[in-house]
Amino acid sequence: MKVKEVAALSGVSVRTLHHYDDIGLLVPDTVTEAGYRVYSDENVATLQQILFFRELGFPLKKISELLSSPSFNRKEAFELQREMLIVKRTQLDRMIETLDKTVQSERGEITMTNEEKFKGFDFGANPFEQEARDRWGNAVVDRTNEKFSTFGKDAQEEMNEIYFKLAALRDKDPASEEAQKAIGEWYTFLNKIGDYSLEAFAGLGEMYVADERFMTNIDKFGEGLAVFMRDAMKVYAEKGE
């Protein structure tokens, strides 16, 4: 398919496709002597993957890194993207429900509580926050929340990117160089928003598996991820001691 055909098929502009080629994100399999780009079915499948990533908020640089990784698995990536889109859809459904009720409230048909007015906006809410307060105290949790809010949406995106990277590696040896490098990024990220010693880092990994709520939440990014992260975190902590 020529570039105009791909643009018409996907809804992506020709200019954007040229840009993807220029930065090495989506390079057409063939370029004719006249300089026309010709895209294969493989190229089209890659474009579809790129657009899913973009819809989920991934920057082009990160998408390029993921697609070029030796451990990248297209099928697993599609499965993970589906899970992430389901989560996003659930959030949007909650917001639409709140908006519908707000319209009814404005018409005088129903009465909304103040809490109901903001249902669906708490995307950054942590279901484990109260437990953390019980274990470590309000001061520690408030300080962590303050740090996280400083990073805002960027922190959420960075967290998801690391989860995705680790999910792609979960079939490898947790002690492998690649796995340890990725789990090191997780350790660095956690210490941007909190204060984790290596011992606490390993203990957190154990909690990922011991607490079913943690495991369920983490395994949304890929079945078995929580166990893989626990093992990798343990190795990382032992090496760093």
Side-chain angles (χ1 to χ4, degrees), residues 1-96 99 120 123-124 151-172 177-179 181-182 184-186 188-189 192 218-223 225:
M1 299 177 69
K2 292 182 179 179
V3 66
K4 288 185 177 181
E5 294 174 309
V6 175
L9 176 69
S10 64
V12 176
S13 69
V14 171
R15 183 177 180 180
T16 296
L17 291 172
H18 285 176
H19 177 60
Y20 287 175
D21 185 8
D22 292 339
I23 64 175
L25 180 61
L26 181 65
V27 179
D29 279 357
T30 305
V31 178
T32 67
E33 293 182 0
Y36 293 108
R37 296 170 171 86
V38 180
Y39 293 81
S40 65
D41 288 343
E42 182 76 10
N43 290 147
V44 172
T46 299
L47 176 59
Q48 183 194 33
Q49 191 118 74
I50 291 170
L51 295 183
F52 277 128
F53 277 127
R54 292 295 287 159
E55 182 64 30
L56 290 164
F58 283 70
L60 293 179
K61 182 178 179 181
K62 179 56 65 175
I63 297 173
S64 181
E65 291 175 3
L66 291 169
L67 293 178
S68 61
S69 171
S71 61
F72 182 78
N73 182 295
R74 174 174 290 168
K75 179 177 178 294
E76 290 182 354
F78 278 133
E79 291 172 351
L80 178 56
Q81 287 168 331
R82 181 180 185 278
E83 293 297 328
M84 294 176 74
L85 285 169
I86 288 174
V87 172
K88 184 175 181 179
R89 181 179 66 184
T90 300
Q91 294 173 341
L92 289 173
D93 285 344
R94 286 203 298 264
M95 293 190 73
I96 292 171
L99 187 57
F123 298 153
F151 290 99
K153 183 179 178 182
D154 290 341
Q156 188 69 48
E157 290 180 355
E158 183 178 356
M159 182 171 67
N160 287 341
E161 288 166 10
I162 297 173
Y163 271 135
F164 183 85
K165 182 180 294 185
L166 288 165
L169 297 171
R170 69 187 187 279
D171 292 330
K172 294 183 176 291
E177 181 179 352
E178 196 171 8
K181 180 180 179 182
E185 292 181 21
W186 183 237
T188 299
F189 172 78
K192 286 182 181 179
I218 294 171
D219 279 0
K220 288 179 181 178
F221 288 86
E223 186 176 355
L225 177 58

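Basis for what follows: all heavy atoms, side chains included, without hydrogens, waters or symmetry-related copies. Sequence positions, counted from 1, serve as the residue numbers for this chain. The model shown is predicted, which means the values in this text are computed figures rather than measured ones.
- The two residues S64 and S68 make their nearest non-hydrogen contact at O-OG, 2.8 Å.
- Rounded to the nearest 0.5 angstrom, L17 CG and D22 CG are separated by 11.0 Å.
- With a 4.5 Å cut-off on side-chain heavy atoms, E158 and E185 do not count as touching.
- Looking at D29, L26, T30, L47 one by one, the single match for side chain to side chain contact (heavy atoms under 4.5 Å, CB included) with Y39 turns out to be L26.
- Put simply, the side chain of D21 reaches to within 4.5 Å of the side chain of P28, judged on heavy atoms.
- For the 3.5 Å distance criterion, the side chains of T46 and N43 fail to qualify, holding no donor opposite an acceptor.
- Judged as a side chain to side chain donor-acceptor pair (under 3.5 Å), and not counting sequence neighbours, E161 has no contacts.
- For F78, the CZ atom sits in a packed shell: over 12 heavy atoms of surrounding residues, nucleotides or ligands are nearer than 6.0 Å.
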Which is it for W186 and K165 under the side chain to side chain contact (heavy atoms under 4.5 Å, CB included) test, yes or no, and what are the steps along the way? CA-CA 10 Å; W186 183 237; K165 182 180 294 185; over 6 Å; no
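- Put simply, the side chain of H19 reaches to within 4.5 Å of the side chain of L60, judged on heavy atoms.
- With 3.5 Å as the limit, one finds no donor-acceptor pair spanning the side chains of Q81 and E55.
- Contact detail for A179 and L169: the closest heavy-atom pair is CA-CD1, 4.1 Å.
- Remark: F221 engages Y163 in a ring-ring contact (aromatic ring centres under 6.0 Å, His included) (not counting sequence neighbours).
- For the pair S69 (side chain) and E65 (backbone), a donor-acceptor distance under 3.5 Å is absent.
- Remark: R74 CZ is packed, more than 12 non-hydrogen atoms of other residues, nucleotides or ligands lying under 6.0 Å away.
- For the pair A7 and S13, the tightest heavy-atom approach, listed with the atom from each and the gap, is CB-C, 4.2 Å.
- Of the inter-residue distances, the one linking L67 atom CG with Q49 atom CD reads 6.5 Å to the nearest 0.5 angstrom.
- A distance of 11.5 Å separates CZ of R94 from CD1 of I96, quoted to the nearest 0.5 Å.
- Panel note: side chain R170, backbone A167; a donor-acceptor pair is recorded below 3.5 Å.
- Residue I63 is tested with Y20, F52, F58 for a side chain to side chain contact (heavy atoms under 4.5 Å, CB included); the sole match is F58.
- One finds the CG atom of D171 at 10.5 Å from the CG atom of L225 (value rounded to the nearest 0.5 Å).
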